[in-house]
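One structure is given here, and the rest of the page talks about it.
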Amino acid sequence: MAVQNTTPVKGTWSLPKLDVRQFVVLALLIGLDIALGKLTVGTNVLKISFVFVAMSLIAKWYGPLWTMLIATILDVVGATIINPSGAFFLGFTLSAITAGLIYALFYYNQAHVSWVRVLIAVGLVTFVVNASMNTLWLFIMYSQVHTWDTFVTLLIPRLIKSIMMYPIQVIVTYAFLNNAAVKQATKQIFNK
């Protein structure tokens, strides 16, 4: 399975079989995602994390279906087994799937992920998924009073955090996905 092409391939929306090496790398990336998920700062309502790094690489290498599948598994396992700090809520699984899909649509099959792709993908995930969707799920789960003012009160600190994290995520994602080690690993893992 060649990942270096910049044009979409027919297999973008299929779940390609992985060889042993590709499966092991995927397992390592899942482990990295779990480890980065443990290294968060903040509360359940306002967290700062670098989990996006592992998910971005999964999206670049494995495409939309694998990324959405892994995002689903990681969210369910993370919420129920690894870090059961709150109640499991299906909305957060939907957010994880949406973020994985966005990353995969912008990064998959890109030998070099452009600044524009990173800016748009990170912007959509940061503001649509993290700030908007996740705030809605928290509002539904934890708010005693379901009014617009209550939602805005919950949204404002999360929006401020998103605005502050956006340039950091863009720079880290661009540098990580386009560094020489990732390009060399892509050739070794996916080119036969």
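These numbers come from the heavy atoms of this one structure, side chains and all, not from hydrogens, waters or symmetry mates. One is the number of the first residue; the rest follow in order along the sequence. What you see is a predicted model; the values in this text were computed from it and never measured.
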Query raised in the report: Just by distance, do the side chain of Gln110 and the backbone of Tyr107 share a donor-acceptor pair under 3.5 Å?
Result: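 Not a single qualifying donor-acceptor pair exists.
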Query raised in the report: Can any side-chain N or O of Asn178 pair as donor or acceptor with the backbone N or O of His112 at less than 3.5 Å?
Result: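 No; zero donor-acceptor contacts below 3.5 Å.
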Requested in this report: List the steps, then state whether side chain to side chain donor-acceptor pair (under 3.5 Å) holds for Asn130 with Ser162.
Outcome: CA-CA 8 Å; Asn130 296 342; Ser162 294; 5.9 Å; no
Would [X] end up clustered with [Y] when hydrophobic side chains under 4.5 Å apart are linked, directly or stepwise?
{"X": "Leu26", "Y": "Leu28", "result": "no"}
{"X": "Met68", "Y": "Val77", "result": "yes"}
{"X": "Ile163", "Y": "Val129", "result": "yes"}
{"X": "Val20", "Y": "Ile189", "result": "no"}
{"X": "Val24", "Y": "Leu74", "result": "no"}

Report task. Go through the steps to decide whether Trp61 and Val182 satisfy the test side chain to side chain contact (heavy atoms under 4.5 Å, CB included), and finish with yes or no. Result -> CA-CA 10 Å; Trp61 282 348; Val182 169; 4.1 Å; yes
Would you say [X] and [Y] make side-chain contact, with heavy atoms under 4.5 Å?
{"X": "Phe106", "Y": "Val118", "value": "no"}
{"X": "Val125", "Y": "Gln169", "value": "no"}
{"X": "Leu101", "Y": "Thr67", "value": "no"}
{"X": "Ile70", "Y": "Tyr62", "value": "no"}

What are the two closest non-hydrogen atoms of [X] and [Y], and how far apart are they?
{"X": "Tyr108", "Y": "Pro64", "value": "CD2-CD, 4.0 Å"}
{"X": "Asn134", "Y": "Arg158", "value": "CB-NH2, 3.2 Å"}
{"X": "Ala59", "Y": "Gly100", "value": "CB-O, 4.4 Å"}
{"X": "Asp149", "Y": "Thr153", "value": "O-OG1, 2.7 Å"}
{"X": "Lys60", "Y": "Val113", "value": "NZ-CG2, 4.0 Å"}

Excluding sequence neighbours, so at least two apart, what forms side-chain contact (heavy atoms from CB on, under 4.5 Å) with [X]?
{"X": "Leu32", "result": "Leu29, Leu36, Ala54"}
{"X": "Ile171", "result": "none"}
{"X": "Thr150", "result": "Phe139, Ser143, Val145, Thr147"}
{"X": "Asp75", "result": "Phe88, Phe92, Thr93, Ala96"}

Report task. Test Met133 against Leu94 for side chain to side chain contact (heavy atoms under 4.5 Å, CB included), laying out the working first. Result -> CA-CA 9 Å; Met133 289 173 69; Leu94 179 62; 4.1 Å; yes
Value rounded to 0.5 Å, distance of [atom1] in [X] from [atom2] in [Y]:
{"X": "Ile34", "Y": "Leu39", "atom1": "CD1", "atom2": "CG", "result": "12.5 Å"}
{"X": "Thr126", "Y": "Ile168", "atom1": "OG1", "atom2": "CD1", "result": "10.5 Å"}
{"X": "Ile120", "Y": "Ile102", "atom1": "CD1", "atom2": "CD1", "result": "11.5 Å"}
{"X": "Leu177", "Y": "Ser114", "atom1": "CG", "atom2": "OG", "result": "11.0 Å"}

Query raised in the report: Residues in side chain to side chain donor-acceptor pair (under 3.5 Å) with Trp66, at least two apart?
Result: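 In terms of side chain to side chain donor-acceptor pair (under 3.5 Å), with neighbours along the sequence ignored, Trp66 is linked to no residue.
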Query raised in the report: Taking only residues two or more places apart in sequence or in another chain, which ones pass side chain to side chain donor-acceptor pair (under 3.5 Å) with Tyr166?
Result: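 For Tyr166, no residue satisfies side chain to side chain donor-acceptor pair (under 3.5 Å) once neighbours in sequence are set aside.
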**Report entry** Single hit among Leu138, Leu136, Leu159 for side-chain contact (heavy atoms from CB on, under 4.5 Å) with Leu154
**Finding:**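 Single pass found, and it is Leu138.
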Requested in this report: Determine the interplanar angle of the Trp115 and Tyr174 rings, folded into 0 to 90°, and report it as parallel if under 30°, tilted if 30 to 60°, perpendicular if over 60°.
Outcome: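 Ring orientation of Trp115 relative to Tyr174: parallel.
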Query - From CA spacing to verdict: side chain to side chain contact (heavy atoms under 4.5 Å, CB included), Val172, Phe52 - result: CA-CA 10 Å; Val172 169; Phe52 65 90; 4.0 Å; yes
Requested in this report: Take Phe176 and Leu57, measure what side chain to side chain contact (heavy atoms under 4.5 Å, CB included) needs, and give me the verdict at the end.
Outcome: CA-CA 8 Å; Phe176 185 74; Leu57 196 52; 3.7 Å; yes
